Amino acid sequence: MVTSHKVFIESSVFYAFVNRAHAKHPQASAYFRYFAQEKYQVFTSYPVIEEVYGEIYEKISPSLAKDFLRGINLSNVNILYPTESDFKSTLKTLINYQNTELTFRDSQTAVLSNRNSISQICTFEYLHPLFGLTNFNLPL
């Protein structure tokens with residue numbers, strides 16, 4: 001099976017990458033090294049960037065939060081912005097999904113990934129299997 005070289009990065013991975021004291025920092029660093037070596041197209045969304053910025057600002061420091069934004073701006077990370085039709089698809093997905101643990105943002109991530117033919121999500125959190133999404137794992 002050939003997998004796409006596109007991956008969506010969730011906030012938990014960005015935060016662990018920035019926070020060197022985080023238990024998952026080595027794993028997050030390994031993800032980014034692998035993506036660079038294997039020439040992955042890396043995606044995230046505006047809501048993810050906003051969430052990570054806020055978490056860094058509150059838990060670490062405002063200056064590091066600004067550095068995070070500067071780094072994202074200079075990186076090759078593609079930022080996806082939800083459209084009105086994405087919003088409507090997100091609502092429809094959220095309302096029709098049977099599991100009550102699905103959040104609006106998780107639903108939006110699934111919709112944005114589906115629209116951009118991204119089948120893998122890099123996250124340390126639970127991934128809802130919407131639209132055939134799978135959790136990215138480093139090859140052994």
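Keep in mind it's a predicted model, so treat the numbers as computed, not measured.
Across every non-hydrogen atom of Lys24 and His22, the tightest pair is N-ND1, 2.9 Å. Between Cys122 and Val13, the shortest heavy-atom distance links the atoms O-CG2, 3.4 Å. Smallest separation of non-hydrogen atoms from Phe8 and Ser45: CZ-N, 3.6 Å. Contact between Arg105 and Glu51 at its shortest, heavy atoms only, is NE-OE1, 2.6 Å. Smallest separation of non-hydrogen atoms from Ser75 and Ile72: OG-O, 2.8 Å. Summarising the geometry of Asn135 relative to Ile121, their closest heavy-atom pair is OD1-O, 3.0 Å, with the distance given to 0.1 Å.
Linking Ile, Leu, Val, Met, Phe, Trp and Tyr whenever their side-chain heavy atoms come within less than 4.5 Å leaves Leu74 and Val42 in two separate clusters. Leu102 and Leu127 are not part of a single hydrophobic cluster, where members link through side-chain heavy atoms under 4.5 Å apart. Note on Val111: it does not cluster hydrophobically with Val7, by side-chain heavy-atom contacts below 4.5 Å among ILVMFWY residues.
Judged purely by atom type and a 3.5 angstrom limit, Asn114 has no side-chain atom pairing as donor or acceptor with the backbone of Phe131. Here the side chain of His128 pairs no donor or acceptor atom with the backbone of Leu130 at under 3.5 angstrom. For the pair Asn116 (side chain) and Leu112 (backbone), a donor-acceptor distance under 3.5 Å is present. Checked by atom type and distance alone, the side chain of Asp86 pairs as donor or acceptor with a backbone atom of Thr83 at under 3.5 Å.
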Please test Asn73 against Leu69 for side-chain contact (heavy atoms from CB on, under 4.5 Å), starting from the C-alpha separation and ending with a verdict.
CA-CA 6 Å; Asn73 187 46; Leu69 293 180; over 6 Å; no
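Looking only at side-chain heavy atoms (C-beta outward), Ile49 and Ile79 come within less than 4.5 Å of each other. Taking the side chain as every heavy atom from C-beta outward, Thr90 and Thr93 never approach each other to under 4.5 Å. Between Ser119 and Ser113 there is no side-chain heavy-atom pair separated by less than 4.5 Å.
Interatomic distance, Ile95 CD1 to Leu91 CG, rounded to the nearest 0.5 Å: 5.5 Å. To the nearest 0.5 angstrom, Leu64 atom CG is 10.0 Å from Arg70 atom CZ. Here the OG atom belonging to Ser11 is positioned 7.0 Å from the CD atom belonging to Glu125, to the nearest 0.5 angstrom. Rounding to the nearest 0.5 Å gives a distance of 8.0 Å between CD1 of Ile60 and CD of Glu55. Rounding to the nearest 0.5 Å gives a distance of 6.0 Å between CZ of Phe43 and CG of Leu80. Here Thr103 contributes atom OG1 and Tyr126 contributes atom OH; the two are 12.0 Å apart, rounded to the nearest 0.5 Å.
Stacking of Lys59 on the aromatic ring of Tyr15 is recorded, both the 6.0 Å distance cut-off and the 45° axial limit being met.
Dense packing is recorded around CD of Glu38, with more than 12 heavy atoms of other residues, nucleotides or ligands lying under 6.0 Å away. Atom CG of Asn76 sits in a sparse spot, with 12 or fewer heavy atoms from other residues, nucleotides or ligands closer than 6.0 Å.
Ring geometry for Phe87 against Phe104 counts as tilted: the plane angle lies between 30° and 60°, on a 0 to 90° scale. Using a 30° and 60° split on the angle between ring planes, Tyr40 and Phe136 fall in the perpendicular class, above 60°.
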Pairs under 3.5 angstrom only: tabulate donor-acceptor contacts from the side chains of residues 29-37 to other protein residues two or more places apart or in another chain.
{"residue": "Ser29", "atom": "OG", "partner": "His25", "partner atom": "O", "Å": "3.1"}
{"residue": "Ser29", "atom": "OG", "partner": "His25", "partner atom": "NE2", "Å": "3.4"}
{"residue": "Tyr31", "atom": "OH", "partner": "Gln27", "partner atom": "NE2", "Å": "3.0"}

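With respect to Glu10, the side chain to side chain donor-acceptor pair (under 3.5 Å) criterion is satisfied by exactly one of Thr109, Thr123, Thr44: Thr109.
If you check the side chains of Gln120 and Thr134, you find no donor sitting under 3.5 Å from an acceptor.
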